[in-house]
Amino acid sequence: MTFGFAPSSTASLSTPAASAHRVLEPAEWAAAGIPLLRNPREIVSGLHARHRPTPATAVIAVLDPDDRLRASASFTRRPAPADGWMLRNALLAQLRRVIPHDLRRRTPVRTAVLLYCRDGDARWTEEDGAWMWGLRDACTLHGLRCGAYITLTRDGWQVLGEGRGGRRPNADSTPESFGTAELPPPPPRTGGVASEVLRRATAR
């Protein structure tokens with residue numbers, strides 16, 4: 001399994017020794033036993049159609065054991081040095097917002113995957129390593145299996161560590177319509193009288 005390397009925009013971190021523990025190198029990621037996606041193009045196309053990511057947008061998604069999308073959220077990364085700990089916190093906040101944790105289970109049954117739309121080519125960067133570290137740690141803290149890390153650039157998409165990818169969708173392409181993009185939005189988190197009124201109105 002081979003990786004390319006690109007210059008990192010985070011080379012000027014003020015504390016390189018501390019940040020080294022918050023970045024996963026390609027070899028570490030490849031050895032982590034990340035489960036393979038059954039149909040990565042369908043997952044990527046569905047998330048692309050649903051969230052329409054632009055560069056610096058991250059899409060975190062939770063899949064059930066059959067690789068069906070159960071929840072997803074997207075957010076734009078602030079321009080700052082890549083730090084796996086900060087990215088972990090951002091991913092964990094999104095996971096807590098869209099799906100309950102599975103910490104009571106002895107073995108995780110759901111898997112979180114991360115799609116990151118960025119500039120540049122598909123070669124691994126230190127920013128990718130920070131996202132990998134953040135994804136792995138966020139999954140541990142939310143009771144999920146750590147799944148694939150996928151980059152989306154103007155050249156196409158690529159599942160890092162697997163060598164699988166494609167030209168479409170890409171950062172500039174028009175979203176396609178896929179089944180995974182049709183997941184209905186989660187019900188509003190309300191309670192009491194307002195929830196009961198909403199339930200009755202929906203039933204009608």
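Because the structure is predicted, anything quoted here is derived from the model rather than measured. Sequential numbering from 1 along the given sequence is applied to the chain's residues.
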Under the side-chain contact (heavy atoms from CB on, under 4.5 Å) criterion, do Leu95 and Leu144 qualify, and how do the steps go?
-> CA-CA 10 Å; Leu95 287 171; Leu144 303 170; 4.1 Å; yes
Please test Glu127 against Arg77 for side-chain contact (heavy atoms from CB on, under 4.5 Å), starting from the C-alpha separation and ending with a verdict.
-> CA-CA 11 Å; Glu127 182 184 24; Arg77 182 170 114 72; 2.9 Å; yes
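A distance of 3.5 Å separates CZ in Arg145 from OG1 in Thr111, rounded to the nearest 0.5 Å. Once rounded to the nearest 0.5 Å, the distance linking CG of Leu47 with CG of Leu152 reads 10.0 Å. Here CD1 of Ile150 is found 9.0 Å from CZ of Arg164. Values are rounded to the nearest 0.5 Å. Interatomic distance, Ile60 CD1 to Arg97 CZ, rounded to the nearest 0.5 Å: 11.5 Å. Here the CZ atom belonging to Arg136 is positioned 7.5 Å from the SG atom belonging to Cys146, to the nearest 0.5 angstrom. Note that CH2 of Trp29 is 9.0 Å distant from CG of Leu160, once rounded to the nearest 0.5 Å.
In this structure, Trp157 contributes its side chain and Asn170 its backbone to no donor-acceptor pair below 3.5 Å. With Asp66 contributing its side chain and Arg68 its backbone, the two residues share no donor-acceptor pair below 3.5 Å. A distance-only check finds a donor-acceptor pair linking the side chain of Thr57 to the backbone of Thr54 [under 3.5 Å]. Looking at Asn89, its side chain never comes within 3.5 Å of a backbone N or O of Met86 through a donor-acceptor pair. A donor-acceptor pair under 3.5 Å is absent between the side-chain atoms of Glu162 and the main chain of Val159, judged by distance alone.
Inspection of the Thr140 and Asp137 side chains reveals no N or O donor paired with an N or O acceptor under 3.5 Å. There is no side-chain donor-acceptor pair under 3.5 Å between Arg118 and Thr153.
Heavy atoms only, all atoms of each residue included: Ala148 and Leu135 are closest at O-CD2, 3.8 Å. Here the closest heavy-atom approach between residue Gly143 and residue Pro108 is recorded as O-CB, 3.7 Å. For the pair Leu69 and Ala61, the tightest heavy-atom approach, listed with the atom from each and the gap, is CD1-CB, 3.6 Å. Of all non-hydrogen atoms in Ile99 and Arg110, the two that sit nearest each other are CD1-NH1, 3.0 Å.
In this structure, the side chain to side chain contact (heavy atoms under 4.5 Å, CB included) partners of Ala58, at least two apart in sequence or on a different chain, are Phe75, Leu114, Tyr116, Trp131. With sequence neighbours left out, Asp155 forms a salt bridge (Lys or Arg N to Asp or Glu O under 4.0 Å) with no residue at all. Applying the salt bridge (Lys or Arg N to Asp or Glu O under 4.0 Å) rule to Arg52 yields no partners; only residues at least two apart in sequence or on another chain are considered.
Leu92 and Val23 sit in two unconnected hydrophobic clusters of ILVMFWY residues. Membership requires side-chain heavy atoms under 4.5 Å apart, directly or through other members. Connection of Leu141 to Val98 is not established within any shared hydrophobic cluster, with ILVMFWY side chains joined at heavy-atom distances below 4.5 Å, either directly or through further cluster members.
Pairs of residues two or more places apart, or lying in two chains, never qualify as ring-ring contact (aromatic ring centres under 6.0 Å, His included) while including a residue from residues 77-103. For residues 45-64, no residue pair satisfies the ring-ring contact (aromatic ring centres under 6.0 Å, His included) rule, not counting sequence neighbours. Contacts classified as ring-ring contact (aromatic ring centres under 6.0 Å, His included) and involving residues 52-71 (residues at least two apart or in different chains) are not found.
Ion pairing of Arg154 with Asp172 is present here, as a side-chain N (NZ or NE/NH1/NH2) and a carboxylate O approach within less than 4.0 Å.
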